[in-house]
There are 2 protein chains.
Amino acid sequence: MQELGGTKQAIFEAAVNLFARDNYHHVSVRQIAKTVGIMASSIYNHYASKEAILLDIYDYFDTNMARLMPDLGTLMQMAETAHPHDVLRATTVVYPQAIVPTMAKAMLVTASMTSSDPRAEDLIHRNLIEMPYLYDIPLLNKMMDLDRIEPLDAESFALMHSCYCHSAAVRFYGSHGIDTDTWIRGMELLFGRVVVKQPAHA
Amino acid sequence: MQELGGTKQAIFEAAVNLFARDNYHHVSVRQIAKTVGIMASSIYNHYASKEAILLDIYDYFDTNMARLMPDLGTLMQMAETAHPHDVLRATTVVYPQAIVPTMAKAMLVTASMTSSDPRAEDLIHRNLIEMPYLYDIPLLNKMMDLDRIEPLDAESFALMHSCYCHSAAVRFYGSHGIDTDTWIRGMELLFGRVVVKQPAHA
DNA sequence: GTCTATATTCAGATAGAC
DNA sequence: GTCTATCTGAATATAGAC
């Protein structure tokens with residue numbers, strides 16, 4: 001990962017910005033260097049290759065996701081008492097404000113590589129697709145077991161939830177952005193499928 | 001578009017297969033030629049450039065989508081009498097069996113270019129994202145006006161619907177396929193948000 | 001650590017014989 | 001229309017002076 005300040009971080013940030021805007025394949029090492037204000041060859045004092053910069057971006061995305069992902073154990077406890085919709089809301093990863101811009105771009109870069117790099121595909125799959133899936137199913141099952149919600153096809157619900165997060169994440173910062181309010185209302189509409197039996201806790 | 005048989009179609013099919021599997025940027029004209037069984041230079045007797053092949057694939061996808069897209073007028077009529085869930089089901093484009101394999105690959109190729117080619121992004125946006133949106137909203141509004149369904153946030157529903165179709169389409173033929181049955185059940189689960197007032201027509 | 005200069009590789013595309 | 005041979009250009013990466 002990148003340290004604080006210095007040329008290496010400048011390279012990282014130039015790269016993440018350029019890759020997010022113009023795609024990895026269309027950005028040359030020379031362009032990155034020009035943005036930083038150095039010669040292309042100097043890049044190689046900090047990164048072994050262009051690909052190494054990309055891997056660093058993947059790593060930034062993956063590390064922060066792992067760090068910020070809610071703990072399933074905590075959520076499972078929440079499932080016993082909290083409002084079922086709140087439990088589902090809590091499965092969403094929330095980035096600290098400070099890293100939002102870089103995370104958004106790192107995610108976009110990783111997502112843009114899914115069709116040409118299996119490593120990126122695995123990262124996106126694991127973090128954006130499989131994750132909501134793996135969280136929702138045990139949570140919903142537990143709440144059904146506790147008779148806190150009406151019976152529901154947890155698997156289909158989880159698929160819908162993960163597709164929604166995935167599509168939105170990929171589109172959020174593309175040319176055709178998604179309106180955040182509409183997105184949240186959509187999510188609430190989906191949560192409406194989870195019908196609470198015992199209304200919100202005390 | 002491609003005619004029937006002949007070298008040009010062989011090039012088209014080799015390209016669509018290779019691009020779908022390995023990504024446009026990683027497939028060389030030489031590879032396509034080798035697959036067809038000719039020399040790279042012979043490609044240029046049929047296509048002006050590598051990009052021209054790609055544009056032909058875009059066109060194949062777009063033309064067939066336009067051709068198979070249900071007619072909104074017909075759906076609006078359906079909305080007066082048919083079961084509301086059937087109306088929503090009818091918004092989905094169904095490919096004729098004969099073109100399923102090629103369409104699937106053409107769609108995948110187009111989708112894989114969205115992050116590096118604005119033309120592809122527009123095609124995917126128009127056909128996979130905006131389309132369900134543009135269909136659902138007037139249909140739902142009409143059915144609400146006719147008091148056939150309970151009031152509903154049509155915009156959020158449409159966004160959810162379009163995200164689901166988009167994410168699924170892109171993932172269906174990727175490394176991590178989606179189970180078709182689960183997908184359909186997810187769609188039905190979403191349709192369950194549309195609560196029918198007057199039960200299915202006579 | 002940065003620079004200049006250059007090596008290397010490879011892909012898209014063209015010329016012209018057959 | 002297909003071939004062989006070649007051009008052209010671009011991009012990654014390296015060598016070595018400072």
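In what follows, chains are A, B, ... by sequence order, proteins preceding strands, each numbered from 1.
- Of the side-chain N and O atoms in B/S42, none sit less than 4.0 angstrom from OP1 or OP2 of D/dG1.
- The distance from atom OH of A/Y47 to atom C1' of D/dA11 is 20 Å, rounded to the nearest whole Å.
- Across the protein-nucleic acid pair, B/Q31 atom CD and C/dA11 atom P stand 8 Å apart, rounded to whole Å.
- Taking atom CD1 on B/I43 and atom C1' on C/dG12, their separation rounds to 12 Å, with Å as the unit.
- One atom, NE2 of B/H26, and another, C1' of C/dC10, lie 13 Å apart when rounded to the nearest Å.
- For the side-chain contact (heavy atoms from CB on, under 4.5 Å) test, no residue two or more places apart in sequence or in another chain qualifies with B/P118.
- Within 4.0 Å (heavy atoms only), B/V36 reaches no atom of the nucleic acid at all.
- The side-chain contact (heavy atoms from CB on, under 4.5 Å) search around A/C163 returns A/L159, B/Y164, B/S167, B/R171, B/I178, not counting sequence neighbours.
- In this structure, the side-chain hydrogen bond (donor to acceptor under 3.5 Å, both in side chains) partners of A/K142, at least two apart in sequence or on a different chain, are A/E80.
- With sequence neighbours left out, B/H25 forms a side-chain hydrogen bond (donor to acceptor under 3.5 Å, both in side chains) with A/H26, B/N23.
- Between B/H25 atom NE2 and D/dA10 atom C1' there is a gap of 14 Å when expressed in whole angstrom units.
- Contact between A/H161 and A/L88 at its shortest, heavy atoms only, is CE1-O, 4.4 Å.
- A/R126 pairs by the salt bridge (charged side-chain N to carboxylate O under 4.0 Å, His left out) definition with A/D62, not counting sequence neighbours.
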**Asked** Just by protein heavy atoms under 4.0 Å, how would nucleotides 13-18 of chain C read 5' to 3' in B, S and -?
**Response** BBB---

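- Rounded to an integer number of Å, the gap from CE of B/M39 to C1' of C/dA11 is 16 Å.
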